[in-house]
Student: 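Have a look at this one before I ask anything.
Numbered from 1 within each chain, the chains take letters A, B, ... in sequence-line order. The basis for the numbers below is simple: all heavy atoms, side chains too, and nothing from hydrogens, waters or symmetry mates. Just so you know, these numbers come straight off a predicted model, no measurement behind them.
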Number of protein chains: 2
Amino acid sequence: MRTRAPTGATEAPETAGLGPHASTGLDVDRVADVGAQAVTAVQAQGPAALEVAHAHGLRERKKQATRGELSRAALRLAMERGLDNVLVEDIAAAADVSPRTFNNYFTTKYEAICALGAERASQIGDTLRRRPAGEGLWQALTAAVVAHYETGQFCDPAAMASLKMMLTSPQLRGEHQRIVTTMREALAAAIAERMAAAGVDSAGVDLGLRAEVLAAAVTATAQVAVRRWFAATPATALRPLLEDALAHLQAALRAPETTVPPTTDGSAT
Amino acid sequence: MRTRAPTGATEAPETAGLGPHASTGLDVDRVADVGAQAVTAVQAQGPAALEVAHAHGLRERKKQATRGELSRAALRLAMERGLDNVLVEDIAAAADVSPRTFNNYFTTKYEAICALGAERASQIGDTLRRRPAGEGLWQALTAAVVAHYETGQFCDPAAMASLKMMLTSPQLRGEHQRIVTTMREALAAAIAERMAAAGVDSAGVDLGLRAEVLAAAVTATAQVAVRRWFAATPATALRPLLEDALAHLQAALRAPETTVPPTTDGSAT
DNA sequence: CGCAAAATTGCGTGGCACGCAACCAGAGGT
DNA sequence: ACCTCTGGTTGCGTGCCACGCAATTTTGCG
């Protein structure tokens, strides 16, 4: 076989056959055990019923357990010996499964390494939803982004190295993009809800589009801050960089027409 | 060998050995490069003229020729028979070189497929620079983005399929991210110039950061528009989507504090 | 014209993604 | 509790790929 798409061309079926590929959905039990704050958030929603509803019981649990085990082992090994010095064989061994089983869960080792990050990225929507209703959208957005990056492991050096790895390795770039996409979508959904709840008065505006655009802008800005943070020669705190960058985003579009050449006075429109 | 990093661990040397890897100069992968500081460093060394003089030799021309040939062949074949039904062997054959030579120019076939797009992405800075000086920054930015996507082959169905491929295939995601990064950096540089030329009066603002943030926001917004365009069930024109999305970006940050719940008035600092 | 630098090529190796077909373990019916 | 059946695991095999190494050809320069 080539790489994907067994015979056809489109790549649709994917989850067919034998592997436990698509699993069931999004049960987040033990994967994000690093951040205690996240647990609080999850419990606030009352997702215990979700797991019960899934109720395929032991079978499903074991599946997610090994998935998490593989993902965690992949990240750990990659950090310990370097990305290029870890084989899928090693990861599988660390998770006590066959190398073949590894590929039943992840197509590439890079996907396994980034699985935890993707999981976490999907939670930023709830982080925004948890902001007090009295806050303005922008304020809540800034707070949510800061909280997302601070509750994560962005403080301890281990996670810092993990981020660095994702930003430097070409192979991880695609997976990192996937994480960012997840974050953007989750954020867009939460923004749309908040906009709707606040009752956007403007008549014909496309709420979905606006939310998506805003989420994209905020996410991209956060990435700029993260990139600057990790490139800073004297290591500095991430939070002020984030707040600074987000403030610049707001400012850059608030007064955009100030930029005209001094000689000409032609004020367009 | 593993994947990268032959023996060491850091991945620094990269362009050593035999292959014509580094080409002229700017195909470096630099993820952490935050703006123009790197350029300053390079110019501080002095021998930039050497490279320029060297670039016009017959040797360099042939190199770029075969590189373009490979890239073009890769894209064409991928479009014709589908991404998974083309081997590096096929691409090399189409470019009349050895399969081994292919890997002297590109590490993966996906990189070859996206090389043209990356090339083009770096030109958006000049597109912005070409806007009349009388235009406001925002107006020029919108016009530049629209022009960039319209002068490209984003109208003819062939390029549309190419874009679709880049957005759907997981393997191309990483390369697409690279293109977006290139576009963002090129745009940020041009924005910074335009800001400086207009004389940003605000005293202590970090021009580089603001330009970078703005470029990131605009680029991300353009991606939102492109994604919506290509997902539109009745095929529609890209231009209005782009303009609409960019207008939403501006609007979303102009009046962000309008969103407060009607019942509660508690303003949480 | 001849030499050195640089690019191309052939060959070989280690690794990976995944189809296929056995095998084995939960889940559900009687 | 027994049996079956659905579905996850594993071993094996295959095709493809990235790239080191070394020999060969091409190009630029004195």
Student: Which nucleotide sits closest to the side chain of A/N104: D/dC17, C/dT9, D/dT9?
Tutor: D/dT9
Student: Can you list everything that forms a salt bridge (Lys or Arg N to Asp or Glu O under 4.0 Å) with B/R72? Sequence neighbours excluded, please.
Tutor: B/E69
Student: Among pairs that include at least one residue of residues 59-96 of chain A, which meet ring-ring contact (aromatic ring centres under 6.0 Å, His included), considering only residues two or more places apart or in two chains?
Tutor: none
Student: Give a yes/no answer on whether the side chain of B/T107 brings an N or O atom under 4.0 Å of OP1 or OP2 in D/dA18.
Tutor: no
Student: Tell me the interatomic distance from A/I91, atom CD1, to C/dC16, atom C1', rounded to whole angstroms.
Tutor: 12 Å
Student: What's the CG-P distance between B/D84 and D/dT14, to the nearest Å?
Tutor: 22 Å
Student: Can you tell me which nucleotide in C/dC16, D/dC19, D/dG11 comes closest to the side chain of A/S98?
Tutor: D/dG11
Student: Take the protein atom CG of B/L87 and the nucleotide atom P of D/dC16, then report the distance between them rounded to whole Å.
Tutor: 5 Å
Student: Expressed in angstrom and rounded to an integer, what is the separation of B/D90 atom CG from D/dC17 atom C1'?
Tutor: 13 Å
Student: When you get a sec, tell me which of D/dC17, C/dC18, D/dT9 is the closest nucleotide to the side chain of A/Y105?
Tutor: D/dT9
Student: Would you kindly give the CD-to-P distance between A/Q171 and C/dA17, to the nearest whole Å?
Tutor: 11 Å
Student: For A/A189, enumerate each residue passing the side-chain contact (heavy atoms from CB on, under 4.5 Å) test, keeping only those at least two apart in sequence or located in another chain.
Tutor: none
Student: Without decimals, in angstroms, what is the distance between A/R100 CZ and C/dC16 C1'?
Tutor: 11 Å
Student: Applying side-chain contact (heavy atoms from CB on, under 4.5 Å), name anything that partners B/A65, two or more places apart in sequence or on another chain.
Tutor: none
Student: Note the angle between the end axes of the helix from C/dC1-D/dG30 to C/dT30-D/dA1, five pairs defining each, rounded to 10 degrees.
Tutor: 30°
Student: In whole angstroms, how far is the C1' atom of D/dC17 from the CD atom of B/E111?
Tutor: 14 Å
Student: Under the side-chain contact (heavy atoms from CB on, under 4.5 Å) rule, collect the residues that match up with B/D126, sequence neighbours excluded.
Tutor: B/R129, B/R130
Student: Once you round it to whole Å, what is the distance between P of D/dG15 and NZ of B/K109?
Tutor: 16 Å
Student: From D/dC19, C/dG26, C/dA17, pick the nucleotide closest to the side chain of B/N103?
Tutor: D/dC19
Student: Do any side-chain nitrogens or oxygens of B/K62 fall under 4.0 Å of OP1 or OP2 in C/dA7?
Tutor: no
Student: Pairing donors with acceptors under 3.5 angstrom, does anything connect the side chains of A/R120 and A/T151?
Tutor: yes
Student: Assess whether a salt bridge exists between B/E111 and B/R178, defined as any Lys/Arg side-chain N lying under 4.0 Å from an Asp/Glu carboxylate O.
Tutor: no
